[in-house]
Number of protein chains: 2
Amino acid sequence: MSKSKKVTIYEVAKRAEVAISTVSRVLNGSENVSKATKEKVEKAIQELNFRPQVSARKLASKEPQMLAIAVPSFTTPYFNEVLKGVKDEIKKMDLDIIMYNTGSKDPEEGVQNFFDRGTADAVILLSINLSPKVHELIQATQTPAVLVNSSHPSYNYFMLNDYQGGYLAGEHLVKQGFQRLGMITSILETSTSKERIRGFKDALKNYKMEIDKELFMSGDTTKHGGYTEEAGFEAIYKYEKQGKFPDAIFCSNDTMAVGALYALSKLGMDVPEDIAVMGYDNIKLSKYLELTTIDQKMYTIGVQATKRLAEIITKPDDQLYQTTINPVLVQRGSTENKK
Amino acid sequence: MSKSKKVTIYEVAKRAEVAISTVSRVLNGSENVSKATKEKVEKAIQELNFRPQVSARKLASKEPQMLAIAVPSFTTPYFNEVLKGVKDEIKKMDLDIIMYNTGSKDPEEGVQNFFDRGTADAVILLSINLSPKVHELIQATQTPAVLVNSSHPSYNYFMLNDYQGGYLAGEHLVKQGFQRLGMITSILETSTSKERIRGFKDALKNYKMEIDKELFMSGDTTKHGGYTEEAGFEAIYKYEKQGKFPDAIFCSNDTMAVGALYALSKLGMDVPEDIAVMGYDNIKLSKYLELTTIDQKMYTIGVQATKRLAEIITKPDDQLYQTTINPVLVQRGSTENKK
DNA sequence: TTGTAAGCGTTATCAC
DNA sequence: GTGATAACGCTTACAA
């Protein structure tokens, strides 16, 4: 790695025989540059292989350059969906996006670290709980922020309606005519998990169905918030052990559903003939599993969050968009009642 | 969002009744500051909630501040493993790491974009093929780089020995006494895929085993490089259709193995009684699947790559570390020959 | 249309 | 120890 000095705007100016301001104009696509000089400058830039230095640029211009999206974990199932939406939307702006993983052990510390660095000019916080400390930090750094899947009175946010999702699931299974409804839940009591359970139970109540505690099961593993294939697998074996199965199961999450399906298949039980299974979020083996699921429309949320962030950046207003997105039911083969 | 002006080092200096250079000294932990003034300054920093601006800092200091890791896709199975290693190692340095997703459609363009921005002072390129264009870009921007899972004569890199992994897999299955060895491969001919196949076949050749083309199968889906559960699932059904199964299958990847296992279980076939199954990389359902697999030791690679990058940054040498890491076999229940 | 020069918020090099 | 002050590489009025 040879140590050739970094080329600056000055060298370009000298080579093109113009002033640095002219180079800057060309760089920023100003209209007030004659075609001839523009070409001269571009040639010089080419020849010297010059690229403007972001930090200098940022320091001088104050324009936001760097957008960031922070998540506790990249393995979060819906993260990639949101990200797609964000990326598609961001292409329209001349910004770059940077992914930041706060770490799921101590997200708060991660976020703090992130803001302390001050590298991002605007940020989307995904599934990150806004503690007072972090809130203060955001205020202090004046970083425009939009929350996704968390809420706070003084921020723009897009919340997922987990309660509604749970309700939809319960309602669907009831309407399909299943009688003994159960749920495979995460062992960890996250608000997400609790809301889905609450919605599900409320649906059963509304339809005067029995709520049998023995049909509510969770795995024992806690990793990834308890939303793993393993957990789903475990839960099924716990049903087996107790000798009492529901006739329809709503899994708190698709990943768990995959594990559950595998376990059921090992036990020789067929879906949906012997037991119906529902998931939540995106589905992995969609083509073969044909899993009925609740779609959170995370892609759309990514798009919306990014749009809003762009608005805040370009023309700040003091409005707060605090939206709750309602999920929809996507019915597939796994919950057809064939009895 | 109130618009309080950003607080600078000047305000801190004024409040603490010192010069900005003194504030800077405190900021950078210089020893030449009396305890008294140090405390004054720190108090002012606290009270004003001041944080130094990275871009200004970078401009003035020339010290590297931002490390980046770029990948074509965050869903790459081993990515998180590498990342863990990187993170653990980076804690020891006072750097921040940023994740950059080049996009798997056109990684080259993504990387270019990334370097054009010039936000990173040093970078780890994960599974990114170094085209001449990108190479030129890296040279032009003088960015220290370390490659993981790709190689180039003029860079430090850590390559995975996919050939060796394939060979180990083949050898293992032969030694277990299986006779009809097959493989589920990605439909896309990536170099990774080809190498694993080549290694596998060479092992069979060396042990004078027959190579039956009909036992080499791939799914039809191409998404995620053909390394999906779906692909594994499809492949099993293609065996079924052709009416001829191997007695042991090596899957090019663990994700495919999961799909294959599910399909097998649907078809009422037991592992390893009826058919043995091997994976590659990390395993998801480990606890229940007990899948024999090839471990690439991606965590270690993450650590090593980061260490090397740190070296290049702090005291540049002109040595090139071009290492090939050999994978190891991890035997679990799925390939026990019980016949 | 182009050039001059004043910042942007730090660090670093001097003096004192 | 501490304080001026010159960089750092760029943008952006303001002049010309």
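In the text below, chain A, chain B and the rest are named by the order of the sequence lines, each starting its count at 1.
Rounded to whole angstrom, the span from the CD atom of E11(A) across to the P atom of dG9(D) amounts to 8 Å. One interatomic measurement links the two molecules: NZ of K58(B) to P of dG9(D), which rounds to 13 Å at whole-angstrom precision. One atom, CZ of R51(B), and another, P of dT10(C), lie 12 Å apart when rounded to the nearest Å. Remark: P of dT1(C) and CD of E39(A) are 14 Å apart, rounded to the nearest angstrom. One can place NZ of K40(A) at 8 Å from P of dT2(C), the figure rounded to the nearest angstrom. The distance from atom CG of D121(A) to atom P of dC8(C) is 18 Å, rounded to the nearest whole Å. Atom-to-atom, CG of N32(B) to C1' of dT2(D) comes out at 10 Å; the value is rounded to the nearest Å. Spacing between atom CG of L59(A) and atom P of dA6(C) amounts to 17 Å, rounded to whole angstrom units.
Checked by atom type and distance alone, the side chain of N156(A) never pairs as donor or acceptor with a backbone atom of V146(A) at under 3.5 Å. Remark: the backbone N or O of P153(B) is paired with a side-chain donor or acceptor of Q322(B) at under 3.5 angstrom.
Applying the ring pair (Phe, Tyr, Trp, His ring centres under 6.0 Å) test to every pair with at least one member in residues 130-153 of chain A, sequence neighbours left out, gives these pairs: H135(A)-H152(A), H135(A)-Y155(A), H152(A)-Y155(A).
Enclosure of atom CD in E47(A) by more than 12 non-hydrogen atoms of other residues, nucleotides or ligands within 6.0 angstrom is indicated. Within 6.0 Å of the NZ atom in K40(A), the count of heavy atoms belonging to other residues, nucleotides or ligands exceeds 12. Other residues, nucleotides and ligands contribute more than 12 heavy atoms inside 6.0 Å of the NZ atom of K87(B).
Each end of the helix from dT1(C)-dA16(D) to dC16(C)-dG1(D) gets its own rotation axis from five pairs of C1' atoms, and the angle between them is 40° to the nearest 10 degrees.
Not one side-chain nitrogen or oxygen of S55(A) sits closer than 4.0 Å to the OP1 or OP2 atom of dC8(D). OP1 or OP2 of dT1(C) has not a single side-chain nitrogen or oxygen of T37(A) nearer than 4.0 Å.
With 3.5 Å as the limit, one finds a donor-acceptor pair spanning the side chains of S127(A) and N149(A).
S34(B) pairs by the side chain to side chain donor-acceptor pair (under 3.5 Å) definition with T37(B), not counting sequence neighbours. When the side chain to side chain donor-acceptor pair (under 3.5 Å) test is applied to T102(A), no partner is found at least two apart in sequence or on another chain.
Classification of E81(B) and K84(B) as a salt-bridged pair holds, one side-chain N sitting under 4.0 Å from a carboxylate O. Between K133(A) and E136(A) there is no salt bridge, since none of the side-chain N atoms of the basic residue sits less than 4.0 Å from a carboxylate O of the acidic one.
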Using nucleotides 11-13 of chain D, report all nitrogen or oxygen pairs with the protein that are shorter than 3.5 Å.
unit_1: dT11(D); atom_1: OP1; unit_2: N28(A); atom_2: OD1; d: 3.4
unit_1: dT11(D); atom_1: OP1; unit_2: N28(A); atom_2: ND2; d: 3.2
unit_1: dT11(D); atom_1: OP1; unit_2: R57(A); atom_2: NE; d: 2.7
unit_1: dT11(D); atom_1: OP1; unit_2: R57(A); atom_2: NH2; d: 3.3
unit_1: dT11(D); atom_1: OP2; unit_2: S24(A); atom_2: OG; d: 2.7

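Contacts between residues 43-50 of chain A and DNA chain D, defined by a heavy-atom separation under 4.0 Å, are made by F50(A).
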